[in-house]
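Heavy atoms only: backbone and side chains are in, while hydrogens, waters and symmetry mates are out.
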Amino acid sequence: MNISITLPDGSVLKKQAGATPAEVAAQIGAGLARDAVAARVDDVLVDLNLPLEQDCELSIITIDTPEGLQIMRHSAAHVMACAVGRLYEGVKFGIGPAITDGFYYDFDLPEAISADDLERIEDEMARIASEEAPFAREELPTEQASELMRENGQSYKVELIEEIEERVVSFYHTAGFVDLCRGPHIPHTGKLGALKLLSVAGAYWRGDEKNAQLQRIYGTAFATEDQLQEHIRRLEEAEKRDHRKLGRELDLFSFDEEIGRGLVLWHPRGAIVREVIEDYWKKLHRKRGYEPVFTPHIASEKVYLRSGHIPKYEDMMYAPLLIDEEAYRVRPMNCPAHIKIFQTGIRSYRDLPIRYAELGTVYRYEMSGALRGLLRVRGFTQDDAHIFCTPGQIVDEVEGVLDLTEEILGVFGLNYKFYLSTRPEVSLESASDEEWQRATEALRQALEARDLPYEVDEGAGAFYAPKIDVVPFDSLGREWEQGPTIQVDLNLPKRFDVTYVGEDGKEHECIILHRAILGSLERFMGEIIEHFAGWFPVWLAPEQARILPITDDQLPYAQEALRRLEGEGVRASVDDRNETVSYKIRSGTMQKVPYLLIVGAREVERGTVSVRSHENGDEGPVEVEAFVARITEEIKTKALPAEL
RNA sequence: GCUAGUGUAGCUCAACGGUAGAGCAGCGGUUUUGUAAACCGCAGGUUAGGGGUUCGAUUCCCCUCACUAGCUCCA
């Protein structure tokens with residue numbers, strides 16, 4: 001019997017029933033056959049050796065596509081598991097999926113795998129690859145599969161099988177290793193690309209800390225050795241940019257054991273960057289109709305009981321302080337205080353919207369293992385604001401925040417994506433479905449009114465609010481863990497009875513929007529240090545220009561130039577150390593000062609400075625005034641580096 | 001918090017049972033220098049902290065503290 005196979009280009013191939021995708025690929029071309037890893041038949045991913053029994057649409061998936069790479073990485077995970085099974089006794093296998101940039105596999109085994117063992121495992125994987133062992137699919141009734149795994153002592157697999165609803169499950173056999181797996185896989189182990197095992201770490205079975213902790217080995221794999229090397233280079237680049245390393249090298253911030261974990265000490269050079277950002281933020285917010293407020297860092301427990309923070313987040317809050325026999329808490333949030341300011345007067349609909357903004361420092365208990373440089377700390381400053389408005393004003397207000405968000409992220413040269421995060425499964429009950437719905441729709445409308453592409457992140461909202469989450473990604477294309485957020489609070493207006501007097505002279509429940517754009521100043525600083533690789537744009541650089549006199553004879557001239565720059569508000573210095581210019585250049589470069597101004601006898605004579613910029617290197621002499629004009633312009637416009 | 005790993009001078013690293021060492025940075029001197037490291041010298045350490053084993057511990061063992069990776073990405 002013949003079947004018709006429709007290819008992606010629309011052409012139709014007649015084949016005998018039982019032909020495989022591999023044969024089709026071979027018929028189309030040797031190159032395709034070589035790069036093929038799997039096939040898509042009528043929208044289902046299948047192995048290349050699956051016999052085709054009826055008319056179908058078929059496309060060959062090659063290693064150079066994202067899907068093909070994914071499949072190969074998944075196969076790599078199997079091969080790694082196979083290698084571990086050969087090298088260790090008593091291994092129980094967890095799961096082993098492909099992930100962004102690689103794969104992992106979780107193992108339960110009696111002995112601890114160390115980083116040194118990875119090489120051994122890699123070698124074993126290479127051996128398996130050279131065996132060109134086929135990935136053979138086998139389908140078994142669920143019962144029988146479960147029995148088989150039980151016999152092999154694979155309790156995790158048994159657990160997985162028992163949760164599968166289908167009556168038949170599939171297995172893959174590779175070089176003596178059998179694994180429960182949906183597939184598809186590469187045809188044989190010789191088709192593995194270039195791979196490298198990266199690290200080993202603990203991981204709870206099914207991500208639940210109540211379960212056993214398994215050993216997870218992470219690896220990365222690419223179609224070619226070049227691509228693998230390129231990826232390793234990217235990892236090294238990321239390591240070079242690590243904000244913790246740069247924070248030390250550039251003398252921006254530190255942590256101190258005696259001060260406490262997760263508590264940042266901002267050094268002068270880091271503090272100035274933060275202050276410049278804060279000044280920019282404050283000016284921008286006033287321009288946008290926000291009113292600055294200041295509120296205390298501790299407050300009576302009463303307010304956090306009423307707000308619901310204690311019932312919900314107590315394990316993230318610090319223990320009470322007893323003051324005059326009353327329990328106080330270090331603040332984990334700024335909202336209650338802003339609400340209290342709002343409530344000091346009767347608010348009319350005519351007063352709304354009211355926008356209170358504060359760079360509010362809050363303290364939260366983060367699990368010790370979660371702390372990470374500036375990205376996860378226990379004391380941090382939120383660029384927090386609360387917008388009090390009428391239901392009719394929500395869309396406008398959210399649009400305003402979106403606009404502000406785009407402006408701010410743009411200034412830092414960040415790209416971003418929008419997510420509409422909807423009601424989570426466990427969520428506030430005191431708000432009706434209709435209220436959730438309305439709030440979510442308002443956010444959606446705002447996104448659409450501004451024509452912003454967004455994805456819906458189902459169930460990712462806060463328990464008290466649907467929200468718009470903005471995920472920035474940096475110059476290395478890495479997504480930030482957290483970014484700007486806009487939330488419609490369905491909780492606090494009720495709990496604090498926040499109202500305004502409407503046109504009808506009656507009291508109405510107020511809408512409260514929470515929003516943070518930089519999020520935590522600490523995290524934001526950490527992220528942009530990495531984004532800029534420590535080379536801050538001139539307006540942010542702790543030291544914007546450094547004058548390097550060649551000999552002491554130029555010192556007076558250098559001082560004069562310095563006064564000129566400082567007079568314009570430029571952060572500059574003179575390197576008057578008894579060193580060679582080369583030394584001073586090196587030192588200025590390592591401290592990532594964007595402009596180095598060399599002054600020797602020639603410059604003094606002509607009233608110039610020789611500019612050496614980070615961007616262009618030696619640019620030659622320009623008149624002092626011309627340089628002052630240039631740098632002040634760059635500062636004023638917040639110019640970004642040409643290349644990030 | 002859990003699993004694994006790491007902790008030696010300000011920084012980057014040696015020494016791995018036998019008196020703790022180098023480079024850079026710092027300080028003092030010489031040199032007055034033209035686009036990424038001049039030369040000479042000096043100083044810098046309860047080897048994270050505590051306990052143990054040992055004739056002797058940075059090294060081996062235990063505890064504490066801190067740091068690092070991971071613990072979400074659905075066989």
Would one find a side-chain N or O of [X] under 4.0 angstrom from OP1 or OP2 of [N]?
{"X": "A/Arg577", "N": "B/rG26", "value": "yes"}
{"X": "A/Tyr218", "N": "B/rC71", "value": "yes"}
{"X": "A/Arg372", "N": "B/rA69", "value": "yes"}

[X] near the nucleic acid: base, sugar-phosphate alone, or nothing, with a heavy-atom cut-off under 4.0 Å?
{"X": "A/Ala77", "value": "nothing"}
{"X": "A/Ile95", "value": "sugar-phosphate"}
{"X": "A/Gly207", "value": "sugar-phosphate"}
{"X": "A/Lys157", "value": "sugar-phosphate"}
{"X": "A/Arg182", "value": "base"}
{"X": "A/Leu198", "value": "nothing"}

Counting side-chain heavy atoms from C-beta on, which of B/rU33, B/rC71, B/rA69 comes nearest to A/Gln213?
B/rC71
Taking B/rG70, B/rG1, B/rU12 as options, the one with an atom nearest any side-chain atom of A/Arg248 is B/rU12
I'd like to know if [X] pairs up with [Y] as an ion pair, taking the criterion as any Lys NZ or Arg NE/NH1/NH2 lying under 4.0 Å from an Asp or Glu carboxylate oxygen.
{"X": "A/Asp242", "Y": "A/Arg244", "result": "yes"}
{"X": "A/Arg182", "Y": "A/Glu166", "result": "no"}
{"X": "A/Glu237", "Y": "A/Arg241", "result": "yes"}
{"X": "A/Glu162", "Y": "A/Arg150", "result": "yes"}
{"X": "A/Arg329", "Y": "A/Glu314", "result": "yes"}

Which pair of heavy atoms, one from A/Arg612 and one from A/Ile585, lies closest together, and at what distance?
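Residues A/Arg612 and A/Ile585, closest heavy atoms: NE-CG2, 3.5 Å.
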Taking all atoms of both residues into account, what is the closest heavy-atom pair of A/Phe103 and A/Ala221, and its distance?
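Smallest heavy-atom distance, with atoms named: CE2-CB, 3.9 Å.
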Are any of the side-chain heavy atoms of A/Asp179 and A/Tyr105 separated by less than 4.5 Å?
yes
Determine the interatomic distance between [atom1] on [N] and the same-named atom on [M]; round to the nearest Å.
{"N": "B/rC42", "M": "B/rU8", "atom1": "P", "value": "26 Å"}
{"N": "B/rG23", "M": "B/rA4", "atom1": "P", "value": "39 Å"}
{"N": "B/rA43", "M": "B/rG21", "atom1": "P", "value": "13 Å"}

State the pairing partner of [N]; accept Watson-Crick or G-U wobble contacts with both distances under 3.5 Å, and report none otherwise.
{"N": "B/rC16", "value": "none"}
{"N": "B/rU32", "value": "none"}
{"N": "B/rU6", "value": "B/rA66"}
{"N": "B/rC27", "value": "B/rG41"}
{"N": "B/rC71", "value": "B/rG1"}

Hey, is the side chain of A/Tyr204 pairing donor to acceptor with the base of B/rG1 inside 3.5 Å?
yes
Go along nucleotides 58-67 of chain B 5' to 3' and tag each nucleotide: B for a protein heavy atom under 4.0 Å from its base, S when only backbone or sugar atoms are that close, - otherwise.
-------SSS
Would you give a per-nucleotide map of nucleotides 35-41 of chain B, 5' to 3', where B means the base has a protein non-hydrogen atom under 4.0 Å away, S means only the sugar-phosphate does, and - means neither?
BBBB---
As an exercise, state the distance from CZ of A/Phe253 to CG of A/Leu374, rounded to the nearest 0.5 Å.
3.5 Å
Within this structure, what is the CG-to-C1' distance between A/Asn211 and B/rU72, rounded to whole angstrom?
15 Å
Would you mind reading off the distance between A/Ile71 atom CD1 and B/rA75 atom C1', rounded to a whole angstrom?
15 Å
For the residue pair A/Tyr595 and A/Phe627, categorise the inter-ring angle as parallel (less than 30°), tilted (30 to 60°) or perpendicular (more than 60°).
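If you compare the ring of A/Tyr595 with that of A/Phe627, the planes turn out perpendicular.
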According to ring pair (Phe, Tyr, Trp, His ring centres under 6.0 Å), who are the partners of A/Tyr454, at least two apart in sequence or on a separate chain?
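So A/Tyr454 forms no ring pair (Phe, Tyr, Trp, His ring centres under 6.0 Å) with any residue.
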